[in-house]
Amino acid sequence: MRVTVLGYQSPYPGPGGATPGYLIETNEAKLLVDCGSGVLSQLGVHMPIYELDALLLSHYHHDHVADVGVLQYGLMVHQLFGQRPADKPLPIYAPALPEQQTKTLTYRDATRFFPLEEQSQLVIGDVHVSFRRTDHGDGDPCYAMRFVANGKTIVYGADSGPGTNWRGFVDGADLFICEGTYLDHNRPKTPNGHLSVRQAAELAQAHDCRSLLVTHLFHGYEESDVLGQAEAFVAGPVHAARIGLQIVL
Ligand SMILES: Nc1ccn([C@@H]2O[C@@H]3COP(=O)(O)O[C@H]3[C@H]2O)c(=O)n1
């Protein structure tokens, strides 16, 4: 499996930047995971957008879904150009709630919505995907995703506060893509559905992950600060997200 960081910033893209979006590729599948602001333009750097096999959305906060509408327009146009079969809508797997948010995910023949619940299990090409609800949001679900292919496991933690139950989901992952929204200096006293970089590293270490990609960062953070505050993770390589970063497992 190969992961490409298309966007990782929050809550908004810095100059030339992008909010969360990750391309996960195997021999048989090209999956876009979240589709934040600026992600579509970064996706085109790596592949034609009409070759995507599926889009998976963790939740409906703007920084994770802002480019969905332009992706739908793009696919519609590529169908008109004959580059994508007119009868092959892109599946969008996304939380079933809130229902209002799901209404726009089926768009003409370009995309089709498939509801996700925590028990959902998907097989897309050679990739098996399962889900875990995270501690995030105001009552609406946010799902972390576990991707297994060719004997390797990637867990995308989505947005997740310290109340998430990771047991049996992230343990032993070859790569944990974990949010680290805060550095020590701006970490709120009361948890608010997010982790700090320090907490992300402690979590990955406690669950025997083999490598860590810290993401969901403010665009102004220094990479050296992110890596420095991820010191608790010593089991393997630590990466600070940046656009275009690729990790091959
Ligand atoms: N106290 C807060 C509240 C919000 N935020 C940022 O705003 C974003 C809202 O969408 P999100 O995906 O939940 O990520 C939040 C933080 O980046 C933040 O950094 N600190």
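Ligands are counted one by one from 1 in listed order, and the atoms in each one are counted from 1 as well.
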* Verdict with reasoning, Q9 to T19, per side chain to side chain donor-acceptor pair (under 3.5 Å) -> CA-CA 4 Å; Q9 299 165 347; T19 65; over 6 Å; no

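Residue pairs satisfying the ring pair (Phe, Tyr, Trp, His ring centres under 6.0 Å) criterion with at least one member in residues 143-163, sequence neighbours excluded, are listed as follows: Y22-Y156.
Heavy atoms of F218 stay at 4.0 angstrom or farther from ligand 1.
Classified by interplanar angle (parallel below 30°, tilted 30° to 60°, perpendicular above 60°), the ring pair H194/Y182 is perpendicular.
Residue N192 has at least one heavy-atom neighbour below 4.0 Å for each of these atoms of ligand 1: 1 (N), 2 (C), 3 (C). Of all atoms in ligand 1, numbered sequentially from 1 with element shown, those under 4.0 Å from a heavy atom of D63 are 10 (O), 11 (P), 12 (O), 14 (O). Every atom of ligand 1 is numbered from 1 in the order shown, and the set under 4.0 Å from a heavy atom of H216 is 12 (O), 14 (O), 17 (O). Interface of H64 with ligand 1, defined as ligand atoms under 4.0 Å from a residue heavy atom, comprises 12 (O). Remark: ligand 1 atoms within the under-4.0 Å shell around heavy atoms of H61 are 13 (O). Taking every non-hydrogen atom of H136 and a distance limit under 4.0 Å, the qualifying atoms of ligand 1 come out as 13 (O).
Closest to atom 20 (N) of ligand 1, if we only count protein heavy atoms, is Y182 OH, 2.8 Å. The nearest heavy-atom contact from the protein to atom 9 (C) of ligand 1 is P11 CB, 4.5 Å. Of all protein heavy atoms, the one closest to atom 15 (C) of ligand 1 is H194 NE2, 3.4 Å. The protein heavy-atom contact nearest to atom 16 (C) of ligand 1 is S10 OG, 3.7 Å.
More than 12 non-hydrogen atoms from other residues, nucleotides or ligands lie less than 6.0 angstrom from CZ of R133. Within a 6.0 Å sphere centred on CD of E51, other residues, nucleotides and ligands contribute more than 12 heavy atoms.
Among L212, I154, I247, the single residue meeting the side-chain contact (heavy atoms from CB on, under 4.5 Å) criterion with I177 is I154.
Between D174 and R210 a salt bridge is recorded (basic side-chain N to carboxylate O distance below 4.0 Å).
Ligand 1 has a nitrogen or oxygen under 3.5 angstrom from a nitrogen or oxygen of D159. Geometrically, ligand 1 and T181 share no nitrogen or oxygen pair separated by less than 3.5 Å.
Of the N and O atoms on the side chains of H136 and S160, not one donor lies less than 3.5 Å from an acceptor on the other residue.
Residue F81 is found in a hydrophobic cluster whose other members, listed by chain and number, are V77; membership requires side-chain heavy atoms under 4.5 Å apart, directly or through intermediates.
For atom 2 (C) of ligand 1, the nearest protein heavy atom lies under 4.0 Å away.
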